[in-house]
Amino acid sequence: MAPVSTGCGAFLRGNDVILPDSGDFSLPETLDCGQAFRWKRLPDGGFFGVARGRACHIAQTAGEIRILGGAEDFEAVWRGYFDLDRDYGEVKRRLSSDPVLARAVAYAPGVRVLRQEPWEALCSFIISQNNNVPRIKGIVERLCAAFGEPLGEGVHAFPSPERLAALEPDDLAPIRAGFRARYLVDAARKAASGEVDLPALAHLPLEEARGELRKITGVGAKVAECALLYGCGRVECVPIDVWVRRVLDRLYPDGLPACARGVEGLAQQYLFHAARTCPGFLPGEAAQSSDGR
DNA sequence: AACCAGGCGCATA
DNA sequence: TATGCGCATGGT
C-alpha cells in the first residue's frame, strides 16, 4: 500500500487513511479535552466531527487510527488539523525531563493540540467564557445548525464571519449564548471587514497578534491566547484559565520549566487535562469526575 | 436555593 | 495597576 503522504506515516487502505498507532494520538484524549467543541462520540467508540467545511468519521482500534473518507480530505484538512507532521514523541520526551510535566504526559500521552481554523477557534473560546464544556458544545452546535452552510445529511459547516456579521445580537437568541451573543457579532463584523485580519495572526509578532484580537469586544487575554494557540498554530501561547492558574500557582510558582520553551502551549494542554481530570494531580483538589458527551 | 462554569468589561481607588 | 461586581444560561 502506498503512503498517502510522506512524513506522518499514514497510508491508504481502500478509501480510508490509516495511521499506525504511535502512542502519540488518542481520540478521546485529544478530541474531548476542551480544545475543540464539535466532536461527538459515536456508538462504535469513534468520533464524528466537522472542520474546514468537511465532515469526518474517525475510529481507533488497538493498532491503528482509521480516518474514513479518502486521501483528498486527509491531505486537504486532517493531516494539518491533527498536527500529524509534528513529532509528539519528541515533544513529550523534552517535556518529561520535568517531573510534573512527566506525570501529566504519562497520564494522557495521546493528547495533541489541534490546528483549528482561526475564526472557529476565536468564536468557540468567546463562547467558552464563564461557561462549561457541555454547554459550550451545545451553543456551538446550535450556531452551526442555524447559520452554517449545509454540507448534506443534516451536517453544517461553521458559519462564516460574513454570515454572522449580517446579524444582530438578538438574531442569535435561539443559540442561547447569553451575553456572548454581542461578542460574536462584534467579532464577525471585525473579521469580515478586515479590521481584524485573522489570516495574518499566524505570522504577526505575538504582541501585535494579541493586540489585534483584543480589538474585539469580549476578547480578553485568555480568549486571545486560545485563538492564537488553537486557531493560529502559535504553540508558544499559554491560555491561563482557572485550572492552569491553579497549576502555575501550586506547581510552578516560578513559571513553566525551561524544557517547555517554545512549546509552552503544548505543555499547557497536558497540564490542563491532568489538572481537570486526574484525581490527585493538583495538590489539595478533587478533579472533575466527568464532563459532557 | 445558592453556586459554578477554559472570562470580560466596567467602575472605583 | 488592582480588586470587585454583574452578566445569560443551565446544571448540580
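Below, read A as the first sequence line, B as the second, and so on, with proteins coming before strands; counting in each chain starts at 1. What you see below is based on every heavy atom in this structure, not just the backbone, and it leaves out hydrogens, waters and symmetry mates.
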Quick check on contacts: within residues 212-237 of chain A, what sits under 4.0 Å from DNA chain C by heavy-atom distance? none
Which residues pass the salt bridge (charged side-chain N to carboxylate O under 4.0 Å, His left out) test with [X], sequence neighbours left out?
X: A:Glu162; answer: none
X: A:Arg182; answer: none
X: A:Glu90; answer: A:Arg93

Going 5' to 3' through nucleotides 6-12 of chain C and flagging B where a protein heavy-atom sits under 4.0 Å of the base, S where only the sugar-phosphate is that close, and - otherwise, we get -BBBS--
Pairwise P distance, C:dG4 and B:dG6 [rounded to whole Å]: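 B:dG6 and C:dG4 have their P atoms separated by 23 Å.
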Using atom P in both nucleotides, what's the gap between B:dG9 and C:dG10 to the nearest angstrom? 23 Å
Shortest non-hydrogen contact from A:Leu164 toward A:Ala188: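 Shortest heavy-atom contact: CB-CB, 3.5 Å.
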Mind listing the closest non-hydrogen atom pair of A:Gln35 and A:Leu114 along with its distance? OE1-N, 2.9 Å
Sub-6.0 Å ring centroid separation between A:Tyr88 and A:Phe25: no
May I ask you to check whether A:Phe281 and A:Tyr107 place their ring centres under 6.0 Å from each other?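 Ring centroids of A:Tyr107 and A:Phe281 are no less than 6.0 Å from each other.
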Going by the rule side-chain hydrogen bond (donor to acceptor under 3.5 Å, both in side chains), which residues pair with A:Arg38 if we only count those two or more places apart in sequence or in a different chain? none
May I have the step-by-step check of salt bridge (Lys or Arg N to Asp or Glu O under 4.0 Å) for A:Lys215 and A:Glu212, ending in yes or no? CA-CA 6 Å; A:Lys215 292 190 207 165; A:Glu212 282 297 294; 3.1 Å; yes
Side-chain donor-acceptor pairs of residues 165-176 of chain A under 3.5 Å, sequence neighbours excluded:
residue	atom	partner	partner atom	Å
A:Glu168	OE2	A:Arg189	NH2	3.2
A:Asp171	OD2	A:Glu168	N	2.7

Among pairs that include at least one residue of residues 46-65 of chain A, which meet side chain to side chain donor-acceptor pair (under 3.5 Å), considering only residues two or more places apart or in two chains? A:Arg13-A:Glu64, A:Asp44-A:His57, A:Arg54-A:Asp73
Runs of at least three Watson-Crick or G-U pairs with DNA chain C, cut-off 3.5 Å: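 DNA chain C stems, ordered by first number: B:2-5 with C:9-12, B:7-13 with C:1-7.
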Leading and trailing nucleotides of DNA chain B with any atom under 4.0 Å from heavy atoms of chain A: B:dA5 to B:dG9
Which residue pairs pass the salt bridge (Lys or Arg N to Asp or Glu O under 4.0 Å) test when at least one of the two sits in residues 221-245 of chain A, sequence neighbours left out? A:Arg210-A:Glu225, A:Arg234-A:Glu236, A:Arg245-A:Asp249
Taking salt bridge (Lys or Arg N to Asp or Glu O under 4.0 Å) as the cut-off, I'd like each qualifying pair that reaches into residues 97-123 of chain A, sequence neighbours left out, listed once.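 Only A:Asp83-A:Arg115 qualify under salt bridge (Lys or Arg N to Asp or Glu O under 4.0 Å).
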